[in-house]
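Just follow the structure's listing: the first ligand is 1, and inside any ligand the first atom is 1. Counting begins at 1 with the first residue of the sequence.
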Amino acid sequence: MIAQLRGFIVVLVLSTVWPISAISAPSQDVEVLHWWTSGSEAKAVQVIKQMMENQGVHWQDFAVPGGAGESAMTVLKSRAISGNPPAAAQIKGPALQEWASLGFLTNLDGVAKAQLWDQRIPALINKDMKYHGHYVAVPVNIHRINWLWINSAIFAKAHAEIPKTWEQFFTVAEKIKQAGYPVLAQGNQDWQTTTVFESIALSQLGAKGYRQAFIEHLPQVLTSPAMVHSFALLQKMRPYIVHPENHQSWNRATAEVIHNQAAMQIIGDWANGEFLLAHEKMGKDIRCVPVPGTAHQFIYSVDSFAMFQLSEPNDIKAQQRLAHTIMSPELQARFNKIKGSIPVRSDIKLTGFDACSLKSERAFKRSLKTHSAVPSVAHGMATTSYVQGAILDVVTNFFNTPDASPKEASEKLMRAILAAS
Ligand code: GAL
C-alpha cells in the first residue's frame, strides 16, 4: 500500500525539496486524522477533544469517513507526500513500522516512561507501537472482532436458538428466513466481507493455523481443506444477507439490527458502540456471542495514534500532551465506554461498562493465557498493507462471484499472498 509512497520519499529525500517535518502554526493546536464518523465513534472522539481543549490544546478535527480507515489512509498518504502530515493519525499494526521506517514518526519514549506503558500495555500490543525499541504510537483500545450480534426480539419471534456451531448457524438462519424475517446485516465492502471471513477462518484453522496462514503465509495452510471450507462457509452466507449487493456502511448494517430489519451481524464491537448509543440493553435486547467455533479465541484490533515529526516546540508539546491524555485512566474509561471497546491499559477497572464489553475483557484475558489472541487481517493488525490488500481482493472477488470455487479461491489466496509478501 505504501510502496508508491516509499518511491516518492526516496525522491523527496534525495532532492531535499520539502522537509519531512510538518508546517505548523505557532498556537497549541493538534491536528488529528481519524475515521471515526459514525454516531458512537464521533461521540467517543468528543471525549478526547474535550479533554484536550480542557488543557488549552485546540483539537483540529481531520475526520475522513470510511469504515476501517481505507479512505483515511489514502488521504494521509497524499498529505505526507506533500510534506504536510497532521500532528497525529490513526494508524494501526504493522503499518506503523512502514511509516516509521520512512522517517515520518516521532519518539514518544518520554511520555511512555512517565506513564509506565511498558508495564501497563500487554506485550502483544506494545510490540506494534515500537520501532527499533522506541515508541512511535499510542494505543487507545482493544476491539474484539469475532462477535456475532443477535437481535433477541427477532430470535424470540422465530423461536430461534443462539447458534454455537456453523451447522446450528445455518439451521437458525433458515428458520428465521422461513419465519419471514430478514437474517444477516452486512455491507458489501471489502473490509466488511473480510471481517466475516477471518472469523470463519479462525473457527476452521484454530489460532495456530490462523497465524500460520495470515502471518507466516504457509502455502500448505493457505490451501488446506480448512481454508477451502472457510471459503465455502462464506459463500453459504450470501443468500441470507439482507442486501448482498449493497455497498452500505457497517453502521448502516448495524442500524438494521437495531431496527429489527436484520436478526444478526458478524462484526467487531465498534457495533456495540452503536447499540449503546441506541440505548439497547446489551446482553438482553441485543446479545453478543462469539462467532461459532471461536468461543475460546479473540481476534483483536487495536486503534492507535502515530505522532508525526513536527518542528514547532509548541506543537510538539501539544502532541506529547495528546499521547499522555490518550493513555490517562480517565480517557481510557470514558472513551471506551462509548466506543464499545475495552481499555488498552490492563489496570483500568471496567466500572459501568456494558455486559458485552465485560465479556470481551474476560475473553481477552483468557485468550492471552491460552495463546489464542490473534491479530485481525481485515483491520491491518496481522500483516503488511500489501499483503492485507491482496487478501481483501481475493476474498471480495470470491464473495461477489456466487458460483466461484472455494478450492480455487484458496489457491488464489496463496498466490496473491506470496506475490505480495
Ligand atoms: C476498525 C477500527 C474501529 C472502527 C472500525 C469501523 O478498523 O478499529 O475503531 O472504527 O474500523 O470503522
Side-chain angles (χ1 to χ4, degrees), residues 1 32-48 61-76 88-96 124-125 128-129 137-147 149 185-199 247-255 257 265-277 298-306 326 331-332 334-344 356-357 360 364 373-383 385 388-389 391-392:
M1 188 157 99
V32 189
L33 176 136
H34 62 88
W35 62 86
W36 288 331
T37 55
S38 79
S40 60
E41 290 175 332
K43 192 175 167 196
V45 169
Q46 280 305 313
V47 173
I48 321 182
D61 201 45
F62 185 5
V64 181
E70 287 177 342
S71 312
M73 288 305 104
T74 309
V75 174
L76 178 62
Q90 193 182 350
I91 303 178
K92 304 197 303 189
L96 286 165
L124 183 80
I125 292 168
D128 282 337
M129 303 301 136
V138 54
V140 59
N141 62 0
I142 304 169
H143 272 300
R144 188 185 196 190
I145 307 292
N146 50 317
W147 279 126
W149 305 94
Q186 168 78 14
N188 187 338
Q189 293 181 326
D190 56 3
W191 71 269
Q192 288 191 60
T193 310
T194 308
T195 298
V196 175
F197 179 72
E198 69 185 25
S199 289
H247 301 297
Q248 67 181 354
S249 64
W250 67 269
N251 48 307
R252 179 66 211 103
T254 303
V257 182
Q265 184 179 12
I266 294 175
I267 200 157
D269 43 23
W270 43 91
N272 192 16
E274 295 296 294
F275 293 131
L276 292 167
L277 188 70
F298 192 109
I299 306 185
Y300 62 88
S301 173
V302 170
D303 289 307
S304 48
F305 286 91
I326 287 178
L331 186 131
Q332 288 280 313
R334 287 178 57 198
F335 174 92
N336 286 304
K337 222 179 261 181
I338 298 171
K339 186 73 169 66
S341 41
I342 56 171
V344 75
C356 293
S357 299
S360 174
F364 184 65
V374 294
S376 165
V377 175
H379 297 275
M381 300 298 300
T383 177
S385 50
Q388 180 194 359
I391 298 173
L392 292 181

Glu70: side chain to side chain contact (heavy atoms under 4.5 Å, CB included) partners, not counting sequence neighbours: Asp190, Trp191, Leu392
Side chain Glu41, main chain Thr37, donor-acceptor under 3.5 Å: yes
Nearest-0.5 Å distance that lies between atom CG in Asn336 and atom CG in Leu331: 7.5 Å
Trp250 and Trp270 aromatic ring geometry - parallel, tilted or perpendicular at 30°/60° bounds: perpendicular
Close-range residues for ligand 1, whose non-hydrogen atoms fall below the 4.0 Å threshold: Trp35, Trp36, Glu41, Gly67, Ala68, Lys92, His143, Trp250, Trp270, Ser301, Asp303, Lys339, His379
Donor-acceptor side-chain pairing of Gln388 and Thr383 below 3.5 angstrom: no
Any donor-acceptor N or O pair under 3.5 Å, side chains Ser38, Asn251: no
